[in-house]
Number of protein chains: 2
Amino acid sequence: MAPQRDKEQTMQRLIDAVGTIICREGFRNIGVNTVAKEADVDKVLIYRYFGGLDGLLKAYAYQKDFWLNVDKLFGQIDSARLADMNYLRELTKQILHGQLTEMRGNKELQEILIWELVERNNLTNQLAADREEKGAGFTRLLTEKLGIAQEVEPLIAIVIAGVTYLALRSRSDSHFNGVNISSVEGWNRIEEGLNKIVDLYFESLAK
Amino acid sequence: MAPQRDKEQTMQRLIDAVGTIICREGFRNIGVNTVAKEADVDKVLIYRYFGGLDGLLKAYAYQKDFWLNVDKLFGQIDSARLADMNYLRELTKQILHGQLTEMRGNKELQEILIWELVERNNLTNQLAADREEKGAGFTRLLTEKLGIAQEVEPLIAIVIAGVTYLALRSRSDSHFNGVNISSVEGWNRIEEGLNKIVDLYFESLAK
DNA sequence: AAAGTATGTCACTATTTGGTGACTACAAAA
DNA sequence: TTTTGTAGTCACCAAATAGTGACATACTTT
């Protein structure tokens, strides 16, 4: 044990333990006993400091940022060029590229997404709502500029959802629909597919 | 209890109980005790008749067909017209339409898919492998005819994965990326999006 | 130095889990 | 009628679960 009498550190150990367990085994094995054991801390402290497991999970989710990092890209947007179709096209590709790398690389995010799929509670509801708000942001921007929201919104939804599901599948499957989702080459092909869709759509606009 | 001395019926009660629980609460609450209680049968019979919960789940999965119903469409394919691009285009749309309605309507399938995402065991591995084999079938057919497998495979993968994830999300979310995935209208927009992608791609081939 | 507060330890309960052995009740074969 | 096999019941076990109350040990304030 750790009789160090450092509340902050103990709390952090618990929060970190949540992340460790989620990364290693997913969220289904998470519980008061498991987390306490992983953190090498008495489980009663979970109740004292966080009011229970829910509070601890909330604290965990608050510390990490589990929505996609679209904010960074938003900051880089050159507003003056938004009227330029070619710029919009490249911007779209960049956003999708960011989504793909984030979804593929962030194992913790993958587990959270699966958690959101499996069970809904206050926490997962909040996470999902935040994600939806952020995620729809770029689409709104794009549709405003293009002025054809009705058409492009579902397209983006399909593509983002597709990348997400492929990433989740890649946790335990090597292939999806013939595409190798466990290799860099496979994911390069997927990204080429995304770019192809973007190109096709923007070319259809140019006509 | 049910002292009816009918082994077959008792086994079926257990299998049905699995389906009931999965539909109602998903797979996470599934266990020997839960299933036995739902079936109103002693849990020891699960061990006697199925060798344990795994065997019961296997029997359950065997009874239902959890891969997508591409077989039906395959049977309808008019081989003679496969050289016709317009026919291929419509066929692709039909396949996607079938996938969408199946994914959206079959709640049991949704739960199985989530189960495959969450935990892997002999059963879920088998289910996933079957699905991959069947799912990749149409893509193979299409790519053979088009002769550009490298390009079209990832496109289909993205789109199928997208529809799947949207369906899974619709279990607990009302919107995804601004699209209403809890209404028929929203799903019509998604289907229009799918058709749009197909059209764009085939038009690009025609050039 | 004494008192009080807060951190961490331990022991305990009650419930649920997967799993097993011993039993009864029935039905068909001998 | 007796024997034998099997469908179903019941009682139990060990382990793990969430949660609580009592205690000791430290640190801080007075």
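Side chain to side chain, Glu191(B) and Trp187(B) fail the donor-acceptor criterion of an N or O pair below 3.5 Å. For the 3.5 Å distance criterion, the side chains of Tyr60(B) and Glu108(B) qualify, holding a donor opposite an acceptor. For the residue pair Glu192(B) / Asn188(B), no side-chain donor-acceptor distance below 3.5 Å is found, with atom types taken as modelled.
Here the side chain of Leu45(A) is nearest to one of dA26(D), dT17(D), dT9(C), namely dT9(C). For Thr10(A), taking side-chain heavy atoms from C-beta onward, the closest of the listed nucleotides dT9(C), dT9(D), dG8(C) is dG8(C). Comparing dA24(D), dT9(D), dT9(C) by their closest approach to the side chain of Arg48(B) singles out dT9(D). Relative to the side chain of Arg5(B), the nucleotides dT6(D), dA18(D), dT7(C) differ in distance, and dT6(D) lies closest. Distances from the side chain of Tyr47(B) to the nucleotides dA6(C), dT9(C), dT20(C) place dT20(C) closest.
Distance, Asp40(A) CG to dG8(C) P: 12 Å, rounded to whole Å. When the P atom of dA16(D) is taken as reference, atom CD1 of Ile30(A) falls 18 Å away, rounded to whole Å. Counting to the nearest Å, the C1' atom of dT17(D) and the NZ atom of Lys43(A) are 8 Å from each other. Between Asp54(B) atom CG and dG19(C) atom P the separation is 8 Å, expressed in whole Å. The interatomic distance linking Asn33(B) (CG) with dT17(C) (P) rounds to 5 Å, in whole Å. Remark: P of dT6(D) and CD of Gln9(B) are 20 Å apart, rounded to the nearest angstrom. Atom CG of Asp42(B) is separated from atom P of dG18(C) by 14 Å (rounded to the nearest Å). Atom CG in Asp6(B) sits about 13 Å away from atom C1' in dT6(D), given to the nearest Å.
In this structure, Tyr49(B) reaches the dG8(D) phosphate: one of its side-chain N or O atoms is under 4.0 Å from OP1 or OP2.
Contact of the Arg104(A) side chain with the Val184(A) side chain is registered, since non-hydrogen atoms from C-beta on lie closer than 4.5 Å.
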>> Please determine whether salt bridge (Lys or Arg N to Asp or Glu O under 4.0 Å) holds for the pair Arg169(B) and Glu116(A), giving the CA-CA distance in whole Å, both sets of side-chain angles, and the decisive distance to 0.1 Å.
In response: CA-CA 9 Å; Arg169(B) 271 277 165 184; Glu116(A) 285 176 15; 2.6 Å; yes
